[in-house]
Amino acid sequence: MSRLWEGRQTGASDDVLLELGASIDLDIELYREDLAGSRAHAKMLGHVGILPEQDLKAILDGLTAIEKEIESGKFELKIELEDIHTHVENRLTQLIGPAAGRLHTARSRNDQIAVDTHLYVRRLAREIGEEISRLCDALIVKAEAEIDQVIPGYTHLQVAQPVKVSHHLLAHFWGFLRDRERFAQTYKTANRLPLGSGALAGVNYNTDREFLRKELNFAEIYENSMDAVATRDHIQDFLYASTSFAVRASRFAEEIVLWNSVEFGFIKISDGLTTGSSIMPQKKNPDAAELVRGRAGRNTGNLVNLLMTLKGLPFAYNRDLQEDRTPLLDTAKNTHLIARTLTALVKGIEFQKHRLTASLERGFATATDLADALVTKKDIPFREAHHIAGKLVGLCAAQDLTLTQATKEMRRSVSSHLEDDTFYFESISTVNSTDRKISQGGTARSRQIEQVEKARAALVDRLPWSQK
Ligand code: ARG
């Protein structure tokens, strides 16, 4: 077939340009959106009288036939046909003859690829937003089930203070909910019609963009045709939302890896989400969590990839813009996988009570509570109370004992205030410690119940894709 711009230039493209310029291997992913854009455009041309009735019908039938060919794997991809737009137009010409040539009236591939990616990103933002909702739901269910289980809370990866498992899981929940907000924003950014902008300046026909907007169900129309073909804000927002989500998922995945190690032993992961080793018979590796961590790196690279493409690009369309597809499609795939894997992990982990208790004890997790009890019940200044608790911890550590195992003599040797058994054991109980954290957002049982309720309510907030 001759090149689209045959007329100005003659002869075939250099092989190297064909190879460099072909994007069909990636664009084919956008075939539904490309066909939807073409259908809407054809109908609009018919509506304003540019396209005769019988040509419109032939074009629409041809597009349906092409869709079926692509879906049944019969559609042939050729590097000489560069991109999805050219493939569709070429096949349409084979199917319906010269009438196919009327479809590109008042349209450019620049506004065509823009509308394709807007539709695609809008769909992805909704799909991934919904997957994050499922992840958030799984976190709430698990949090509720573990509302009475205490786990060490860490700073510097050193045992700091006891918290409820629900508290830790919900800490991730709220972050993921903010990521869902980022996808909601992405949806809004992508929900604007670029088609009808032509190459950059608008078109020499009195087209009806409002008709197109309605046909493709966009909320708005780009006010400026140059903006419409030059911007990649929708992809940029999508890549940032996906990177934020992936990096957060990676932090959680890293905790799952740690918790699953022999050293922590806090969780068991269901067999379907772990692998064995080809040589070491004892191994049960947390591959699912490791791969979530790995994909976060890819998403981050993809965001930087697009930003580097955009930086320094003069207005309006430049061919560099087709490089947006590599990061877009790779991140789309990664982000779907990350969301689904993490949801499965949340459902597939089981907390190991005895190991959690052992770490709380060995980490002297309630030393702060002991100091606070000396302040509130024995009227000792905090500085001195901190010193007393610290001294007892030091003594225990030297003998490899926990606060629970400290003898009465040891306690008395540090301070007479520590002699009273009831006072002492109530102060160092990990459950008591958590339930005393009654400040709003704290780890006390009452606050956890309240937080679960708030989380449930926030999860059913209205989202842009569910609005009419
Ligand atoms: N394949 C191109 C892309 O993906 C379509 C637009 C081509 N426009 C052009 N002026 N060569 O961006």
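What you are looking at is a predicted structure, and each value in this text was computed from that prediction instead of being measured. Start at 1 and go down the list; that is how both ligands and their atoms are numbered. Residue indices begin at 1 and follow the sequence shown. The figures here come from the full heavy-atom set of this structure, side chains too, leaving out hydrogens, waters and symmetry mates.
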For atom 6 (C) of ligand 1, find the nearest protein heavy atom and state the residue, atom name and distance (0.1 Å precision). Tyr317 OH, 3.4 Å

Under 3.5 Å, which donor-acceptor pairs link side chains of residues 138-147 to any protein atom two or more places apart or in another chain?
| unit_1 | atom_1 | unit_2 | atom_2 | d |
| --- | --- | --- | --- | --- |
| Lys142 | NZ | Ile349 | O | 2.5 |
| Glu144 | OE1 | Arg456 | NH2 | 3.2 |

Should the proximity of Arg325 to ligand 1, defined as any heavy atom under 4.0 Å, be assigned to the side chain, the backbone, both, or neither? side chain

Near Asp83 (heavy-atom distance under 4.0 Å), the atoms of ligand 1 are 1 (N), 2 (C), 5 (C)

Test of ring centre spacing under 6.0 Å for Tyr222 and His118: yes

Could you tell me the separation between the CZ atom of Arg180 and the CD1 atom of Ile132, rounded to the nearest 0.5 Å? 8.5 Å

Between Thr117 and His234, is any side-chain donor less than 3.5 angstrom from a side-chain acceptor? yes

Does Asn110 reach ligand 1 with a nitrogen or oxygen that is under 3.5 Å from one of the ligand's nitrogen or oxygen atoms? yes

When distances are taken from atom 11 (N) of ligand 1, the protein heavy atom at minimum range is Arg109 NH2, 3.4 Å

Mind checking what makes salt bridge (charged side-chain N to carboxylate O under 4.0 Å, His left out) contact with Glu220, not counting sequence neighbours? Arg192

Would you say Ile113 touches ligand 1, if touching means a heavy atom closer than 4.0 Å? yes

